[in-house]
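Everything on this sheet refers to the single structure shown next.
In the text below, chain A, chain B and the rest are named by the order of the sequence lines, each starting its count at 1.
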Number of protein chains: 2
Amino acid sequence: MEHRIERIKKQLHAQSYKLTPQREATVRVLLEREEDHLSAEDVYLLVKEKAPEIGLATVYRTLELLSELKIVDKINFGDGVSRYDLRKEGATHFHHHLVCMECGSVEEIDEDLLEDVEKIVQTDWGFKVKDHRLTFHGICRVCQAAEKEEDLEAAAVQVNRTS
Amino acid sequence: MEHRIERIKKQLHAQSYKLTPQREATVRVLLEREEDHLSAEDVYLLVKEKAPEIGLATVYRTLELLSELKIVDKINFGDGVSRYDLRKEGATHFHHHLVCMECGSVEEIDEDLLEDVEKIVQTDWGFKVKDHRLTFHGICRVCQAAEKEEDLEAAAVQVNRTS
DNA sequence: TAACTATTTATAATAATTATAATTTGACAC
DNA sequence: GTGTCAAATTATAATTATTATAAATAGTTA
């Protein structure tokens with residue numbers, strides 16, 4: 001944790017930004033909740049626990065700054081709120097997401113998976129790829145199991161009826 | 001054009017929705033500007049030219065409806081506005097986008113390209129993929145050429161100076 | 001024609017985000 | 001240490017996109 005804070009501090013200093021207490025508190029929240037996909041509001045509420053005097057605008061500005069420095073990625077899953085996602089250390093690309101259409105859960109995929117596709121885009125479309133956003137919408141493992149369960153129960157009812 | 005309107009009319013009727021004059025005007029705008037990625041506001045302004053009495057809320061509702069019926073796809077390029085993109089006739093998947101970080105242009109890719117990746121996601125993550133959103137951010141062909149141009153000019157200045 | 005439902009309009013409300021002005025903080029010169 | 005300055009923050013207002021509400025309209029069926 002401290003190590004990553006240090007690294008981020010250096011990244012900020014490299015662009016002559018400071019790691020103010022407010023910014024540090026924000027980064028800490030992001031590190032602690034790395035698995036989640038927090039909205040600015042979410043971050044604000046969590047940061048307030050550490051630094052109650054912080055303002056919402058500061059959180060927005062901090063997230064914007066971290067986003068410009070590619071420390072976090074800003075992503076939108078179509079619910080009208082921007083969410084902020086820490087980039088893994090050393091990752092050159094943004095990771096992918098699996099959004100469940102049933103339960104709304106969001107899973108991350110760190111593997112690249114797009115190397116071949118990006119090559120095709122570069123050669124066939126002449127587009128120099130710098131970054132990507134890939135999100136799959138579908139049914140997660142858990143909800144698939146639940147559906148199967150329901151189907152079995154429905155089938156059982158059928159059998160009871162006809163027998 | 002008329003043929004596609006007819007098809008959309010049928011798709012609406014199949015779910016017992018009607019193709020009202022307002023809805024038809026909206027669909028016509030989307031068809032005419034198929035290459036663009038219009039926001040609700042953009043659509044509203046264009047529809048107003050055909051049907052000046054239409055209300056913004058109706059446009060929103062219509063786009064929402066078309067989106068539910070998978071006639072259009074709602075997409076967000078990170079500028080805080082939802083954009084609406086007609087699905088190609090018969091397309092089962094949403095097409096991909098190339099967003100230029102220099103000039104902001106948006107190009108479309110109709111090829112699927114993700115078949116292999118989706119297979120991997122299904123088998124390795126147990127996630128049943130229903131749809132996807134893939135956007136590449138980078139430099140388009142035109143801006144790359146412009147950059148090369150600039151580099152050449154800069155080099156020429158160097159040569160003039162040192163000679 | 002009357003009754004009913006879906007749709008639309010006009011407007012208000014909400015929610016997310018950004019801008020503004022005043023204040024605070026921290027670094028550096030003296 | 002004190003004064004000065006720029007950057008950052010706070011509190012608040014403003015803006016923007018979107019959604020909700022109530023009344024009016026249109027189209028359909030009995």
Partners passing side-chain contact (heavy atoms from CB on, under 4.5 Å) against A/Val81 (at least two apart in sequence or in another chain): A/Ser39, A/Asp79, A/Arg83
B/Glu6 meets the side-chain hydrogen bond (donor to acceptor under 3.5 Å, both in side chains) criterion, sequence neighbours left out, with none
Just to verify, what does A/Lys128 make a salt bridge (Lys or Arg N to Asp or Glu O under 4.0 Å) with, not counting sequence neighbours? none
Protein-nucleotides 9-17 of chain C N/O pairs under 3.5 Å:
{"unit_1": "C/dT9", "atom_1": "OP1", "unit_2": "B/Gln22", "atom_2": "NE2", "d": "3.4"}
{"unit_1": "C/dT9", "atom_1": "OP1", "unit_2": "B/Glu53", "atom_2": "O", "d": "3.1"}
{"unit_1": "C/dT9", "atom_1": "OP2", "unit_2": "B/Gly55", "atom_2": "N", "d": "3.1"}
{"unit_1": "C/dT9", "atom_1": "OP2", "unit_2": "B/Thr58", "atom_2": "OG1", "d": "2.6"}
{"unit_1": "C/dT17", "atom_1": "OP1", "unit_2": "A/Ser82", "atom_2": "N", "d": "3.1"}
{"unit_1": "C/dT17", "atom_1": "OP1", "unit_2": "A/Ser82", "atom_2": "OG", "d": "3.2"}
{"unit_1": "C/dT17", "atom_1": "OP2", "unit_2": "A/Tyr60", "atom_2": "OH", "d": "2.5"}
{"unit_1": "C/dT17", "atom_1": "O5'", "unit_2": "A/Tyr60", "atom_2": "OH", "d": "3.3"}

For the helix from C/dT1-D/dA30 to C/dC30-D/dG1, figure out the bend between the end axes, five pairs an end, and round to 10 degrees. 10°
Partner residues of B/Glu118 under the salt bridge (Lys or Arg N to Asp or Glu O under 4.0 Å) criterion, sequence neighbours left out: none
Are A/Thr20 and C/dG26 close enough that a side-chain N or O sits under 4.0 Å from OP1 or OP2? no
Can you give the donor-acceptor pairs under 3.5 Å from side chains of residues 86-94 of chain A to other protein atoms, not counting sequence neighbours?
{"unit_1": "A/Arg87", "atom_1": "NE", "unit_2": "A/Asp73", "atom_2": "OD2", "d": "2.8"}
{"unit_1": "A/Arg87", "atom_1": "NH1", "unit_2": "A/Thr92", "atom_2": "O", "d": "3.1"}
{"unit_1": "A/Arg87", "atom_1": "NH2", "unit_2": "A/Asp73", "atom_2": "OD1", "d": "3.0"}
{"unit_1": "A/Arg87", "atom_1": "NH2", "unit_2": "A/Asp73", "atom_2": "OD2", "d": "3.4"}
{"unit_1": "A/Arg87", "atom_1": "NH2", "unit_2": "A/Asp131", "atom_2": "OD2", "d": "3.2"}
{"unit_1": "A/Lys88", "atom_1": "NZ", "unit_2": "A/Glu108", "atom_2": "OE1", "d": "3.1"}
{"unit_1": "A/Glu89", "atom_1": "OE2", "unit_2": "A/Arg7", "atom_2": "NE", "d": "2.8"}

Side-chain donor-acceptor distances from residues 59-72 of chain B under 3.5 Å, at least two apart:
{"unit_1": "B/Arg61", "atom_1": "NH2", "unit_2": "B/Thr58", "atom_2": "OG1", "d": "3.2"}
{"unit_1": "B/Thr62", "atom_1": "OG1", "unit_2": "B/Thr58", "atom_2": "O", "d": "2.7"}
{"unit_1": "B/Glu64", "atom_1": "OE1", "unit_2": "B/Lys74", "atom_2": "NZ", "d": "3.4"}

Check: protein-nucleotides 25-30 of chain D nitrogen or oxygen pairs below 3.5 Å:
none

Taking only residues two or more places apart in sequence, or in another chain, which ones meet A/His13 in a ring pair (Phe, Tyr, Trp, His ring centres under 6.0 Å)? none
Which residues satisfy the salt bridge (Lys or Arg N to Asp or Glu O under 4.0 Å) test with B/Glu111, sequence neighbours excluded? none
For residues 14-25 of chain A, pull every pair meeting side chain to side chain donor-acceptor pair (under 3.5 Å), keeping only residues two or more places apart or in separate chains. A/Glu24-A/Arg28
